[in-house]
Amino acid sequence: MTHLLDDLSFRGLIQQQTDEEGLRELLDQEKISLYSGFDPTADSLHIGHLLPILMLRRFQLAGHRPIALVGGATGLIGDPSGKKAERTLNNEEIVREWSQKIKNQLSRFLDFEADENPAIMANNYDWIGQMNVIDFLRDVGKNFGINYMLAKDTVSSRIETGISYTEFSYMILQSLDFLNLYRNQECKLQIGGSDQWGNITSGLELIRKSEENAKAFGLTIPLVTKADGTKFGKTEGGAIWLDKEKTSAYEFYQFWINTDDRDVVKYLKYFTFLSKEEIEELAEKTETAPEKREAQKRLAEEVTVLVHGREAFEQAVNISKALFSGDIQELTAEEVKVGFKGVPSLELEQTDELPLVDVLVQSKLSPSKRQAREDITNGAVYINGERRTDVGAVLSREDRIEGQFTVIRRGKKKYFLLTYK
C-alpha cells in the first residue's frame with residue numbers, strides 16, 4: 001500500500017514540510033490529529049479552498065483525524081497573506097453567519113460520524129474570544145520578537161504599502177490556534193496553502209516555546225496555477241463557489257470540462273481520488289487523443305459529483321448536451337433555469353402572446369423590425385432549438401417549456417430567455 005506522503009508527493013501536493021523524515025516516522029507510528037483553517041471572509045468557500053479540504057479528507061481516509069477550524073475570531077481580523085492591501089473588516093454578526101455556512105459546507109467533505117476517526121469542527125472564537133488583552137500580551141505576545149515577525153513574507157511584503165497592527169498580529173492568533181489544538185486535541189500537524197508557511201512555522205515556534213518535548217509539524221500545499229497565466233478559480237462571471245446558489249452545478253461542471261490540456265493531469269492529481277494508474281492512463285489518452293477530452297470529462301465528473309452529488313452532475317451533463325446539440329426541448333424548466341442563468345431575459349404575463357418580430361427587436365437580438373424579418377427569413381432564428389422561418393409567427397403557449405420559459409436564439413450564440421409569471 002502506498003504511503004500517504006508518497007501519494008501526496010506523486011500528486012504534487014507538497015510544497016514545503018518542516019520535517020519530512022520526522023512526519024513520516026510519526027505517521028508510521030500512530031494515527032494523528034491534523035488541522036487546516038478556513039476564515040469566513042465570504043458566505044461560501046470557493047474552489048481555491050478545495051485543496052486543503054481534500055487534503056484533510058485524504059488524511060481521514062488514511063485513518064487520521066482531521067480538524068476543520070473555522071476562523072470565527074481570525075475572520076474578524078483578516079489575514080494579510082497574499083494580500084497587497086488591508087482587508088475590509090466585517091462585523092461580528094456577519095462573520096458568525098458566514099462561519100455557520102462554512103461549517104455546513106465542510107461537513108459535505110469530511111466524515112463527522114466515522115467510528116474510528118471522526119472529523120472535528122472547531123471555531124477559534126471559542127478560545128480567542130474569551131481572552132483579554134493582558135493575557136494575550138503576557139502569555140502569547142511575549143513569545144514573538146518583532147524582528148522575527150518582520151522577517152515573515154506575509155509581513156515583509158506589506159511593509160512598503162503599509163500594514164496595520166491588526167493584520168500584523170494575525171500570525172500570533174493563528175499560532176495560538178495551533179497551540180490550543182495541540183494542547184486540547186493532540187493536534188500535531190497543520191496544513192495550509194503555501195502562503196501560510198510563515199503563519200504555520202510561527203505556530204510551531206510558539207508550541208516549541210510553550211510545551212516541553214513538543215513534536216509538531218507543518219506542511220503546505222502549492223498554489224494552484226493555470227498554464228495560460230490566468231488565475232485559477234476565476235471566470236468572467238467571477239469566482240467559482242462551492243455553494244450551488246452562487247455557482248450552479250452546471251457552471252461548476254463547465255469550469256472543469258473546459259480545463260486546458262496542459263493542466264488537466266495536474267488537476268486530476270490535485271482534485272480527485274483516482275489511483276495513480278487511472279491518472280496515468282488518462283494522461284496517456286490526453287497525449288494520444290486530446291480531441292476526445294476523456295481526462296477533462298473524468299475530471300469534471302469526479303469533482304462535480306464530489307461537491308454537488310451525482311444527480312446534479314447528470315443534470316449538468318444533460319444541459320451541456322442539449323445546448324451543444326441545440327435540442328432545447330429536451331430540457332426541463334429547472335434545467336433551462338440553470339443552463340441559461342445570466343442570459344438576458346424578459347418577464348411576461350402568462351396571457352402574453354407576442355409576434356416573433358417584436359420579440360426579436362425588444363430583446364435586441366435584432367436591431368430593427370426589418371432586420372428581424374430578414375433574420376427569420378434567412379433561418380437565423382430558433383425557438384427552443386427549432387428554426388422558425390415564418391415572419392408572421394406569434395409566440396404562443398405551445399412555445400413554452402413547462403409553461404415557464406421560451407428560449408430564443410439568433411445565429412449560433414446569441415440567446416434570449418422569455419420567462420412567464
Side-chain angles (χ1 to χ4, degrees), residues 3-9 11-39 48-60 62 64-71 74 79-82 119-120 122 124 127-128 140 143-145 148-157 169-224 270:
H3 193 285
L4 176 58
L5 290 183
D6 292 333
D7 181 59
L8 297 181
S9 181
R11 294 175 183 277
L13 286 172
I14 301 175
Q15 180 78 14
Q16 300 149 298
Q17 300 185 65
T18 54
D19 178 4
E20 179 181 357
E21 188 177 328
L23 179 58
R24 183 180 290 270
E25 184 179 334
L26 178 67
L27 295 177
D28 287 339
Q29 291 174 351
E30 60 182 278
K31 299 303 182 184
I32 68 164
S33 294
L34 70 150
Y35 95 96
S36 188
F38 305 90
D39 275 348
H49 294 107
L50 262 183
L51 268 194
I53 295 172
L54 297 184
M55 281 287 277
L56 291 179
R57 184 181 174 104
R58 292 182 198 281
F59 272 87
Q60 185 172 31
H64 305 285
R65 185 177 67 158
I67 303 170
L69 177 67
V70 178
T74 44
D79 183 0
S81 304
I120 292 174
N124 62 17
W127 52 88
I128 295 176
V140 186
N143 293 289
F144 290 84
Y148 174 83
M149 296 176 71
L150 288 173
K152 297 295 184 182
D153 288 341
T154 52
V155 174
S156 63
S157 63
S169 64
Y170 184 92
M171 77 167 68
I172 301 179
L173 296 179
Q174 185 167 320
S175 300
L176 180 58
D177 289 343
F178 201 173
L179 176 61
N180 184 80
L181 292 174
Y182 181 90
R183 285 174 169 170
N184 298 306
Q185 300 291 348
E186 298 183 0
C187 178
K188 296 182 179 178
L189 172 65
Q190 182 184 356
I191 63 174
S194 57
D195 60 345
Q196 295 297 310
W197 180 247
N199 293 330
I200 291 173
T201 52
S202 295
L204 291 170
E205 184 70 6
L206 179 60
I207 291 172
R208 184 186 67 79
K209 289 181 176 180
S210 305
E211 302 292 308
E212 287 187 15
N213 303 315
K215 184 186 290 186
F217 303 86
L219 183 154
T220 65
I221 309 162
L223 178 69
V224 185
Y270 280 7

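Quick note: residue numbers are just sequence positions, from 1.
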To the nearest 0.5 Å, tell me how far [X] [atom1] sits from [Y] [atom2].
X	Y	atom1	atom2	answer
Leu179	Leu206	CG	CG	4.5 Å
Ile67	Gln60	CD1	CD	11.5 Å
Asp177	Trp127	CG	CH2	5.5 Å
Glu20	Leu219	CD	CG	9.0 Å
Thr74	Ile172	OG1	CD1	13.5 Å
Leu56	Leu189	CG	CG	9.0 Å

Look at the side chain of [X] and the backbone N and O of [Y], then say whether any donor-acceptor pair between them is shorter than 3.5 Å.
X	Y	value
Ser36	Ile191	yes
Ser175	Met171	yes
Thr18	Phe217	no
Lys188	Ile32	no
Arg65	Gln185	yes
Asn184	Asn180	yes
Lys215	Leu23	no
Thr201	Gly198	yes

Task: Derivation and outcome, side-chain contact (heavy atoms from CB on, under 4.5 Å), residues Tyr270 and Leu54 - done: CA-CA 9 Å; Tyr270 280 7; Leu54 297 184; over 6 Å; no
Which pair of heavy atoms, one from [X] and one from [Y], lies closest together, and at what distance?
X	Y	value
Ala216	Phe178	CB-CZ, 4.1 Å
Gln17	Ile14	CG-CG2, 3.4 Å
Cys187	Tyr182	O-CD1, 3.2 Å

Measuring only between side-chain heavy atoms, which start at C-beta, is [X] closer than 4.5 Å to [Y]?
X	Y	answer
Asn124	Leu173	no
Gln196	Pro52	no
Ser194	Gln16	yes
Leu223	Asp195	no

Open item on the list: Tell me whether Glu21 at atom CD has more than 12 heavy atoms from other residues, nucleotides or ligands lying less than 6.0 Å away.
Closed with: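 Atom CD in Glu21 is not packed in, count stays at 12 or less.
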Open item on the list: Using side-chain contact (heavy atoms from CB on, under 4.5 Å), reason through Gln190 and Leu204 one step at a time and then give a plain yes or no.
Closed with: CA-CA 9 Å; Gln190 182 184 356; Leu204 291 170; over 6 Å; no
Open item on the list: I'd like to know if Arg24 and Asp28 make a salt bridge, using a cut-off of under 4.0 Å between side-chain N and carboxylate O.
Closed with: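 No.
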Open item on the list: Looking at Glu205 and Arg208, is there a salt bridge between them, counting it only when a charged N and a carboxylate O are closer than 4.0 Å?
Closed with: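 Judged by the 4.0 Å cut-off on N to carboxylate O distance, Arg208 and Glu205 do form a salt bridge.
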Open item on the list: For a side-chain contact (heavy atoms from CB on, under 4.5 Å) check, start with the C-alpha distance between His64 and Leu4, then their side-chain angles and the critical distance, and finish with the verdict.
Closed with: CA-CA 11 Å; His64 305 285; Leu4 176 58; 4.1 Å; yes
TODO: Could you go through the side chain to side chain donor-acceptor pair (under 3.5 Å) check for Ser33 and Glu186 one step at a time?
DONE: CA-CA 6 Å; Ser33 294; Glu186 298 183 0; over 6 Å; no
Open item on the list: Is there a side-chain contact (heavy atoms from CB on, under 4.5 Å) between Leu5 and Leu27? Walk through the geometry before answering.
Closed with: CA-CA 9 Å; Leu5 290 183; Leu27 295 177; 3.9 Å; yes
